[in-house]
Amino acid sequence: MHDIKAIRDNPLAFDAGLARRGLAPLSVSLLALDEQKRETMQKLQDAQSRRNALSKEIGMAMGKKDVALADKLKAEVAGLKDAITQGEEQERVQTKALNDALAVIPNIPLATVPDGKSEHDNVEVRIWGEKPVKNFEPQQHFDIGEGLGLMDFEIASKLSGARFVVLKGALARMERALAQFMINLHTDEFGYSETYAPYMLREEAMYGVGQLPKFEEDLFKTTSGHYLIPTAEASLTNLVREQVLDEAKLPIRMTAYTPCFRAEAGAAGRDTRGMIRQHQFSKVELVSITTPEQSDAEHERMTGCAEEVLKRLNLHYRTIVLCTGDMGFGSRKTYDIEVWLPGQNAYREISSCSQFGEFQARRMDARCKAAEAKQARYVHTLNGSALAVGRTMVAVLENYQNDDGSVTIPEVLRPYMGGMTVIKRP
RNA sequence: GGAGAGGUGGCAGAGUGGUCUAUUGCGACGGUCUUGAAAACCGUAGGGGGUGCAAGCCCUCCGGGGGUUCGAAUCCCUCCCUCUCCGCCA
């Protein structure tokens with residue numbers, strides 16, 4: 001959510017920011033709404049002020065039992081009533097119009113974000129490891145999983161339709177092992193505090209992180225009116241909503257392992273086979289709440305925490321910074337981590353680490369204050385996947401596959417899998 | 001799911017239509033006193049918004065939203081939340 005006052009102060013900078021996202025200028029129309037609203041407020045407040053003064057006089061007249069004077073004053077204030085009623089209604093309508101307009105405008109990219117139109121303009125910032133050399137034609141993860149008899153899309157579709165999977169035996173255990181490994185890394189070594197939070201959220205919370213109102217079609221909604229979380233970011237970030245935090249306690253770092261539910265409304269025909277794009281998948285999420293000064297460094301740190309998961313699994317990846325045209329709605333800078341998939345012969349997104357500035361904080365009313373400061377200010381929020389568990393399993397299967405169809409288990413996962421070293425075909 | 005009681009400033013807790021500009025206490029901050037502290041005493045305080053160079057002035061906020069009224073913390077409607085009892089339940 002943007003600050004209308006900031007737009008008022010510097011409309012050209014705002015429009016220039018939108019232009020970097022490939023959007024038409026909006027400051028003129030926004031400021032017109034703002035102008036109308038303030039004009040209404042001015043008139044309304046004048047009328048309210050006079051009403052308050054007269055009402056007080058009525059009260060005093062009644063106290064003195066001077067009914068004649070009271071009636072005279074009542075007649076006078078009655079003339080204000082229409083103006084006040086109309087003014088209140090008008091202010092309500094105009095405020096809503098302005099807020100509705102602001103609520104669907106994406107965040108402005110940071111200066112360090114490269115300009116560009118699409119994913120083709122993203123810029124690689126670093127690359128780690130190397131593509132594994134195989135002396136056979138690598139298979140895709142679904143062929144490997146089905147070959148092992150432990151990954152079943154057919155039965156999943158009977159239960160739930162397309163974009164679901166059933167994992168069995170060692171693969172079901174690997175899903176759990178990956179999550180345990182990731183959570184332990186982030187809590188034990190990186191200082192994130194493990195958190196268990198709701199998977200169903202109210203509309204206000206979804207609005208707070210920017211999922212609503214613009215992306216309702218991507219969400220699942222229950223008969224109770226709750227929304228299923230598309231990411232634990234939604235739950236974790238909202239944990240600081242409507243609060244003023246002590247700056248000395250920042251940054252707050254949280255992590256959670258949760259299922260994620262996505263309607264994938266606009267993804268028809270994309271990644272239809274396999275586990276890459278599912279309605280339900282699990283993910284270990286990182287969320288940081290920081291001061292404005294801390295957020296840039298925290299963003300780098302967080303991305304590093306996510307990358308460390310891949311390093312320990314010895315999976316080749318590259319990190320890219322998304323260009324202005326490819327960033328998500330609320331982000332002002334995003335790093336994607338793309339892992340190498342030999343079966344697909346491609347890099348695929350496995351993590352996305354974003355910083356939002358105060359964009360979400362404004363929507364949630366999450367602020368912080370230093371002990372010596374007079375004024376509270378908005379916190380900065382960040383989040384990153386570390387990692388998407390399903391896609392990590394895909395990467396393990398494709399990178400650790402052997403020519404006999406078996407899959408070697410990465411060393412760091414073995415303690416979580418009862419010492420198992422390889423998953424063999426039946 | 002049923003019945004009932006509640007939601008007021010950092011906290012506790014008054015306030016059932018008009019000098020509420022929200023009582024009081026605790027805590028906080030500033031001061032007086034003191035070598036220093038405690039105590040006592042005096043004083044200051046919140047959020048959002050409009051306007052103004054500024055000092056200030058004005059509007060709004062007693063869980064959210066709407067309504068009645070000249071006037072609402074107080075009355076009405078509605079939603080949310082908390083607590084108690086009952087029912088069901090991993």
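So you know, we letter chains A, B, ... as the sequences are listed, proteins then strands, and number each from 1. Computed from heavy atoms alone, side chains included, the values below leave out hydrogens, waters and symmetry copies.
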So if I define the base as every atom that isn't primed, P, OP1 or OP2, how would nucleotides 58-76 of chain B read as a B/S/- string at a heavy-atom cutoff under 4.0 Å?
BSS-----SS-SBS-----
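Taking atom C1' on both nucleotides, B:G46 is separated from B:U8 by 13 Å, rounded to a whole Å. Taking the C1' atoms as reference points, B:U21 lies 15 Å from B:A45, given to the whole Å. Rounded to a whole angstrom, the distance from the P atom of B:C58 to that of B:G2 is 49 Å. Only the C1' atoms considered, B:G13 is 8 Å distant from B:U24, to the nearest whole Å. As rounded to the nearest Å, B:C62 and B:A22 have C1' atoms that lie 8 Å from one another. Taking atom C1' in both B:G27 and B:C33, one finds a spacing of 22 Å when rounded to whole Å. Between B:A54 and B:G63, the distance separating the two P atoms is 34 Å to the nearest Å. Taking atom C1' in both B:C89 and B:C76, one finds a spacing of 38 Å when rounded to whole Å.
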After noting the C-alpha distance and the side-chain angles of A:Asp3 and A:Arg362, does the key distance pass the salt bridge (charged side-chain N to carboxylate O under 4.0 Å, His left out) rule?
CA-CA 8 Å; A:Asp3 179 9; A:Arg362 282 186 170 279; 3.1 Å; yes
As a quick check of understanding, evaluate salt bridge (charged side-chain N to carboxylate O under 4.0 Å, His left out) for A:Glu298 and A:Arg253, giving each step before the final call.
CA-CA 10 Å; A:Glu298 185 71 9; A:Arg253 299 188 175 112; 2.7 Å; yes
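For the side-chain hydrogen bond (donor to acceptor under 3.5 Å, both in side chains) criterion with A:His299, the lone passing option out of A:Arg332, A:Gln355, A:His380 is A:Gln355.
With sequence neighbours excluded, no residue forms a side chain to side chain contact (heavy atoms under 4.5 Å, CB included) with A:Thr223.
Distance CG (A:Asp3) to C1' (B:G49): 12 Å, rounded to an integer number of Å. The CD atom of A:Gln42 sits 16 Å away from the P atom of B:C57 (whole-angstrom rounding). Distance A:Glu242 CD to B:C81 C1': 12 Å, rounded to the nearest Å. What separates CZ of A:Arg8 from C1' of B:G52 is a distance of 14 Å, to the nearest Å. A straight line from CD of A:Gln243 to P of B:G46 spans 21 Å, rounded to a whole angstrom. Whole-Å rounding puts the A:Lys369 NZ to B:C29 P distance at 12 Å.
Among the protein residues, A:Arg377 comes within range of no part of the nucleic acid, since none of its heavy atoms lies under 4.0 Å from any strand. Within 4.0 Å (heavy atoms only), A:Lys5 reaches sugar-phosphate atoms of the nucleic acid but no base atom.
Using a 3.5 Å distance cut-off with no hydrogens or angles, the side chains of A:Thr290 and A:Ser288 do not pair a donor with an acceptor.
For the pair A:Asp121 and A:Lys117, the salt-bridge criterion is not met [side-chain N within less than 4.0 Å of a carboxylate O]. Ion pairing between A:Lys283 and A:Glu285 holds under the 4.0 Å rule for side-chain N and carboxylate O.
Contact between the side-chain N/O atoms of A:Lys56 and the OP1/OP2 oxygens of B:U21 is found at a separation under 4.0 Å.
Of the candidates B:C80, B:U51, B:G49, B:C80 carries the atom nearest the A:Arg202 side chain, counting heavy atoms from C-beta on.
Here B:A22 sits opposite no nucleotide as a Watson-Crick or G-U wobble pair (both hydrogen-bonding atom distances under 3.5 Å). Searching all strands for a Watson-Crick or G-U wobble partner of B:A5 with both distances below 3.5 Å returns B:U82. Base pairing annotation: B:G87 forms no Watson-Crick or G-U wobble pair, as no partner gives both donor-acceptor distances under 3.5 Å. Remark: B:A37 base-pairs with no nucleotide; criterion is Watson-Crick or G-U wobble with both hydrogen-bond distances under 3.5 Å. Nucleotide B:C29 forms a pair with B:G43, judged by Watson-Crick or G-U wobble geometry with both contacts under 3.5 Å.
Side chain of A:Gln243 to backbone of A:Ala366: no donor-acceptor contact under 3.5 angstrom is found.
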